[in-house]
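What follows is a set of notes on a single structure, which appears directly below.
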Number of protein chains: 2
Amino acid sequence: MQTIRVDTPSAKYDVVAGSGLLSTLAVRIERVAGRLPRRVFLLTSGPIWALWKDCIQQSFQEPPIVLFLEPGEKSKTLGSVEKLLRQMPRAGGDRGSLLIAVGGGIVGDVGGFLAAIFMRGIPYAQVPTTFLAQVDSSVGGKTGVNLPEGKNLVGSFHHPLAVFADIGVLGTLPDRELRAGLMESVKAGIIRDRALVRFMEEHADEVLARNPKALEKVIAASIRMKAGVVNRDERESGLRMILNLGHTVGHALEQATGYKTLLHGEAVGWGMIAALYLARKRGTISGGQFDRLQRLIHLYGPLPALTLKAKKVVAATSGDKKNVGGVNRFVLPIGIGDAGVVEDVTAAELEAAVAYMLAQAGERAASRQAS
Amino acid sequence: MQTIRVDTPSAKYDVVAGSGLLSTLAVRIERVAGRLPRRVFLLTSGPIWALWKDCIQQSFQEPPIVLFLEPGEKSKTLGSVEKLLRQMPRAGGDRGSLLIAVGGGIVGDVGGFLAAIFMRGIPYAQVPTTFLAQVDSSVGGKTGVNLPEGKNLVGSFHHPLAVFADIGVLGTLPDRELRAGLMESVKAGIIRDRALVRFMEEHADEVLARNPKALEKVIAASIRMKAGVVNRDERESGLRMILNLGHTVGHALEQATGYKTLLHGEAVGWGMIAALYLARKRGTISGGQFDRLQRLIHLYGPLPALTLKAKKVVAATSGDKKNVGGVNRFVLPIGIGDAGVVEDVTAAELEAAVAYMLAQAGERAASRQAS
């Protein structure tokens, strides 16, 4: 078990990664909250609750009030938030209540936002049950939902009391989701942790076979990287931007495919390929580093095939909320283990990078059809 | 012109009260924001905009993007918030944008909440155009909307960059709204400012005739009182509770009358009558103080007649969100110029206080019918 400290100007809390956390959840939350309040809400999804209900409930003397979110990105809306909010006062919730979010990134984002805005903010704990949520969305205090106009356009910064990332729950995760989640760990290595890059290169088989020790190592390193960045830049004014490596093009791919074909991590995987290309063209990474990092991404693939026009993808990047004042910000790796933000990427450069990435993604489609 | 400083752990900003603020709005906001961003949104209501559009727009080189909220409490919903949020990215809004809320308390609450959750928070300025909003809702960082289950159940703490309370706009305010708003100033005097109580007793005619000097004095004193309390207790953990004098019963009256009959200030006025009765019974104010303060409230009346059952009102108090863990918290004046919170008010005591208040409110109804 590993404990990583998040320590920002507005909040200090622990992220615990290891086994056996779900079965001891109540006592762990009680320890950080001081005491369990009269009303404890637990937000989850039906499939997750079916799997872990017994394990979680036995740890509570008084069972929590369970709120359900339909699985899938389509539930990440203000409409869902309103339905859930309305259940809380009806069940006796007040500003002393506490919320626990048990699920993937969507449950975490919606749960955190519920906690942020119910009665102007109640405490909450994150219990991420997917690899992606464990290494990424549960750390950093970002909460929120989508609008029809774009992803994550609405939300709050609201830090949890604690995050409990139970490695044990990953046993039931579909292989594709694990691989997609691992893209965030690949990203963590590229932007901040050479040792993680090497470990992931050398131990891909163990990680993908879900060897608990290997998983814990990758997860803890990924969380530590993110916590380190968030600690120094809580509000994404500078350094925290580097966490968006692969995300500008990644979000554009998700938008261009209607959020249907790609898992988030897969979109980031392809987005990183485009970013690597751009970095190589600009000389912030060498040809050797380019080959090595591209190989690492595909080691944790396969990334799904794509048949998109480069222009459509480039157009979709302009709606990305990482852009302030119309500037096309872009995160580029600098060697292995460092990254920086550039603001002068031209449309032509971006189009070339996207075209390179789409050529790979298209070959994949062609070879699939041929086979 | 008077400037009152709000200085909390999470934000420091000025509340400016005086004349001629609207016509110089752009330069004032530019001064606090550093510069005006590419996209400036202005949330207002149709009637307010019709009155002040020309005055406000001439101060901007680039006209702001105007968003409209339907007047009335019925607009203070998540549905309205969603509609407004969706307009912002479509109009090119990004996380560098700024929002100005020009209107009464509802525009301020919704506008502040929009700014709190659009892209996880953008800066905003409050330009309150009602007396109530100037002295109360624009100071303190509380933002939010109602649920069908109760008022202000959803929201954020999000402080503005600055508040500009232009006394000039009060000239067009209906008399009833002015009187209702003045209840918050009466409250300010009772809980924290003996001198304000005396001024309001001695200068009621000038205040109600909207003499600018008298109004500025009452408004600035009320804001100064609220800012002083908020400065010491930003998150309503203790001292800030005293701002809720009259609000427990006041909210119950609003709820019991379906938010239709009473203006907020009027409900607070009646709520203060109940609180004064309770305080007199408990001996935290003398009989003489009770008479004097009750007289002051009616001096700024008339408060509307009510025909309600005490039991219904008492039942409605239990849903008030100021109650944590089922405890019936109640703010009581202590002499004139001080107040405290009690948690041991029994149902019988509360019912007696509500019955006393309703008897007055009913007499009012009876005398109105007789006349």
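Chain A is the first sequence line, chain B the second, and so forth, proteins listed ahead of strands; every chain is numbered from 1.
Heavy atoms of B/Ser97 lying under 4.5 Å from chain A are absent altogether. Only the side chain of A/Leu147 has a heavy atom closer than 4.5 Å to any heavy atom of chain B. Looking at A/Pro89, only its side chain comes within 4.5 Å of chain B, counting heavy atoms on both sides.
Using a 30° and 60° split on the angle between ring planes, B/Tyr13 and B/His159 fall in the tilted class, from 30° to 60°.
Per-residue heavy-atom pair counts under 4.5 Å with chain B were compared for A/Leu78, A/Leu114, A/Thr77, A/Val81, and the maximum is reached by A/Leu78. The residue among A/Pro37, A/Ala116, A/Pro148, A/Gly144 with the most heavy atom pairs within less than 4.5 Å of chain B is A/Pro148.
A donor-acceptor pair is defined here as one N or O able to donate and one able to accept, closer than 3.5 Å; such a pair exists between the side chain of A/Gln126 and the backbone of A/Gly108.
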Evaluate the side chain to side chain contact (heavy atoms under 4.5 Å, CB included) criterion for residues A/Gln61 and A/Glu30: first the C-alpha distance (whole Å), next the side-chain angles of each, then the deciding distance (0.1 Å), finally the verdict. CA-CA 11 Å; A/Gln61 292 194 325; A/Glu30 193 166 11; over 6 Å; no
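Between B/Arg39 and B/Asp94, no side-chain nitrogen of the basic residue sits less than 4.0 Å from a carboxylate oxygen of the acidic one, so the salt-bridge criterion is not met.
Environment of NZ in B/Lys83: sparse, with no more than 12 heavy atoms of neighbouring residues, nucleotides or ligands closer than 6.0 Å.
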